[in-house]
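Only one structure is covered here, and it is reproduced in the block below.
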Amino acid sequence: MIYCVRTDRQNTEKYVESISRSLPNSKLVSYKEAINSTNAEKVAFMGFLRGGNLVYRWAELRGVDFYYIDRPYWGESRKTPYWMRCTKNQHVKTFIDNITIDDRFKQTFKNKILPYHKNGKYILVIPPSHSVALMFDGQSWLKNTLKVLKENTDREIVIREKPYNPKSFLDNEGKMMPGESENQQPQKPFEWDQVHAVVTFNSSITIKALTNGVPCFANFENPCLPICEQDFSKIETPKYEDREPVFYSLAYGQFTQEEFRNGYAMEILDGR
């Protein structure tokens with residue numbers, strides 16, 4: 001049996017319903033039914049909140065293939081065509097697969113990839129969101145990262161939190177639940193030409209940074225991990241690698257609602 005876990009939220013459950021339509025022998029269930037099952041072959045779910053964290057860990061522990069759905073690497077997720085990323089047995093796609101064609105990338109990526117610049121003045125540090133830090137034990141990441149950076153550079157360090165960042169917590173059942181957000185105010189755009197490098201845990205800000213010619217550092221699951229320097233002590237010597245192969249691959253890691261529904265997403269995730 002393949003279990004597709006309901007979100008019980010109108011704006012997101014449509015993605016789980018769509019992927020369920022493409023999977024024979026699938027069933028829409030609550031998170032409890034999924035993690036209490038004994039006959040699960042696969043499980044699909046969206047996000048960590050409201051039980052998603054328990055499904056994620058349950059599938060990992062039992063070796064059950066899981067399909068994790070979340071906001072896209074780029075593109076519109078709140079209106080047609082409703083893009084969402086989907087990864088098999090990962091939080092984000094962290095590898096470059098054998099896809100070398102640029103068709104989906106050219107169809108969906110609207111920004112010009114700018115040449116790398118090497119005259120940035122400050123380092124932009126993006127900590128994990130509260131939910132991600134709670135899920136992946138990243139609560140001490142910022143403190144540890146700042147220590148390493150300050151030991152290896154004299155550049156100014158600017159810390160930027162995620163704009164919408166609920167202070168998630170675990171309830172008495174172990175479900176991750178959203179609390180109040182620390183920062184919901186709009187923030188000024190980055191002056192990318194002033195940024196020497198971006199340092200982050202797993203934020204997809206790396207896609208925007210690399211598009212704007214800024215090299216990146218990341219030491220956890222990140223969509224641009226193959227071209228990020230993972231050793232933060234090398235902050236003064238970033239990697240300046242080709243970005244297109246990563247972006248071409250990521251374009252085949254996110255799908256429209258219709259592509260979930262008609263089976264194309266699963267064909268890509270299982271077949272390549």
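Sequential numbering from 1 along the given sequence is applied to the chain's residues.
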Residues in side-chain hydrogen bond (donor to acceptor under 3.5 Å, both in side chains) with Ser131, at least two apart? Ser168
The criterion is side chain to side chain contact (heavy atoms under 4.5 Å, CB included); which residues satisfy it with Thr237, sequence neighbours excluded? Lys234
Residues passing the ring-ring contact (aromatic ring centres under 6.0 Å, His included) test with Tyr3, sequence neighbours excluded, are none
Give a yes or no on whether the backbone of Ile126 and the side-chain of Arg160 come within a donor-acceptor separation of less than 3.5 Å. no
Do the two ring centres, one from His91 and one from Phe48, sit under 6.0 Å apart? yes
Given 3.5 Å as the limit, does a donor-acceptor pair link the side chain of Glu229 with the main chain of Pro238, or not? no
Ring-face cation contact, Tyr122 with Arg155, 6.0 Å cut, 45° max: no
Using modelled atom types and a 3.5 Å cut-off, is there a donor and acceptor pairing between side-chain atoms of Gln254 and backbone atoms of Tyr73? yes
State which residues pass side-chain hydrogen bond (donor to acceptor under 3.5 Å, both in side chains) with Asn119; sequence neighbours excluded, sorted by chain then number. none
Give a yes or no on whether a salt bridge exists between Lys167 and Glu180, defined as a side-chain N under 4.0 angstrom from a carboxylate O. no
Do Asn219 and Trp141 pair up side chain to side chain, a donor and an acceptor below 3.5 Å, judged on atom types alone? yes
For residues His130 and Phe169, establish whether the separation of their ring centroids is below 6.0 Å. no
Is there a donor-acceptor pair closer than 3.5 Å between any side-chain N or O of Lys110 and the backbone N or O of Gln107? yes
Testing the basics here: between Ala197 and Phe217, what is the closest heavy-atom pair and its distance to 0.1 Å? CB-CE1, 3.8 Å
Between Asp102 (side chain only) and Lys106 (backbone N and O only), is there a donor and an acceptor less than 3.5 Å apart? no
Would Glu236 and Thr153 count as a side-chain hydrogen bond (donor to acceptor under 3.5 Å, both in side chains) here? Give the steps. CA-CA 7 Å; Glu236 288 297 328; Thr153 186; 2.5 Å; yes
Who are the ring-ring contact (aromatic ring centres under 6.0 Å, His included) partners of Trp83, not counting sequence neighbours? none
Ring centroid separation for Tyr31 and Phe45, is it under 6.0 angstrom? no
Backbone of Glu244 reached by a side-chain donor or acceptor of Asp242 within 3.5 Å: no
Is there a side-chain contact (heavy atoms from CB on, under 4.5 Å) between Thr200 and Cys216 once you walk through the steps? CA-CA 8 Å; Thr200 188; Cys216 295; 6.0 Å; no
For Phe95, give me all partners under side chain to side chain contact (heavy atoms under 4.5 Å, CB included), at least two apart in sequence or on another chain. Gln90, Lys93, Asp97
Mind checking whether Trp192 and Ile123 sit in one hydrophobic cluster, side chains of I, L, V, M, F, W, Y counted as touching below 4.5 Å? no
Test log, rule side-chain hydrogen bond (donor to acceptor under 3.5 Å, both in side chains), inputs Ser233 and Asp231: CA-CA 5 Å; Ser233 70; Asp231 184 350; 2.6 Å; yes
Within the side chain of Lys14, is there an N or O that forms a donor-acceptor pair under 3.5 Å with the backbone of Asn11? yes
Let me see the working for Cys4 and Leu23 under side-chain contact (heavy atoms from CB on, under 4.5 Å), right down to the final yes or no. CA-CA 9 Å; Cys4 299; Leu23 294 170; 4.2 Å; yes
Who are the ring-ring contact (aromatic ring centres under 6.0 Å, His included) partners of Phe232, not counting sequence neighbours? none
So, Asp65 side chain and Lys42 main chain: donor-acceptor pair closer than 3.5 Å or not? no
Check Arg21 with Glu17, please: is the shortest side-chain N to carboxylate O separation under 4.0 Å? no
Among all residues two or more places apart in sequence or in another chain, which pass the side chain to side chain contact (heavy atoms under 4.5 Å, CB included) test with Ile96? Pro226, Pro245, Val246, Ser249
Report the residues that fulfil salt bridge (Lys or Arg N to Asp or Glu O under 4.0 Å) with Glu258, sequence neighbours left out, ordered by chain and then residue number. Arg261
Would you please test Arg50 and Glu173 for salt bridge (Lys or Arg N to Asp or Glu O under 4.0 Å) and show each step? CA-CA 10 Å; Arg50 302 173 184 86; Glu173 295 181 340; over 6 Å; no
Flag, side chain of Glu41 to backbone of Met1, donor-acceptor distance under 3.5 Å: yes
Same cluster for Val43 and Tyr56 if Ile/Leu/Val/Met/Phe/Trp/Tyr side chains link at under 4.5 Å? yes
Please determine whether side-chain contact (heavy atoms from CB on, under 4.5 Å) holds for the pair Lys150 and Ile157, giving the CA-CA distance in whole Å, both sets of side-chain angles, and the decisive distance to 0.1 Å. CA-CA 9 Å; Lys150 290 176 181 179; Ile157 297 173; 4.0 Å; yes
Asp70: which residues meet the side-chain hydrogen bond (donor to acceptor under 3.5 Å, both in side chains) condition with it, sequence neighbours left out? Tyr68
Arg243 (side chain) donor-acceptor with Leu114 (main chain) under 3.5 angstrom: yes
Step by step, work out the salt bridge (Lys or Arg N to Asp or Glu O under 4.0 Å) result for Asp270 and Lys88. CA-CA 8 Å; Asp270 286 337; Lys88 184 177 181 179; 2.9 Å; yes
Those residues at least two apart in sequence (or on a different chain) that pass side-chain hydrogen bond (donor to acceptor under 3.5 Å, both in side chains) with Arg57 are Glu60
All pairs passing side chain to side chain donor-acceptor pair (under 3.5 Å) where residues 203-217 contributes a residue, at least two apart: Thr206-Asn222
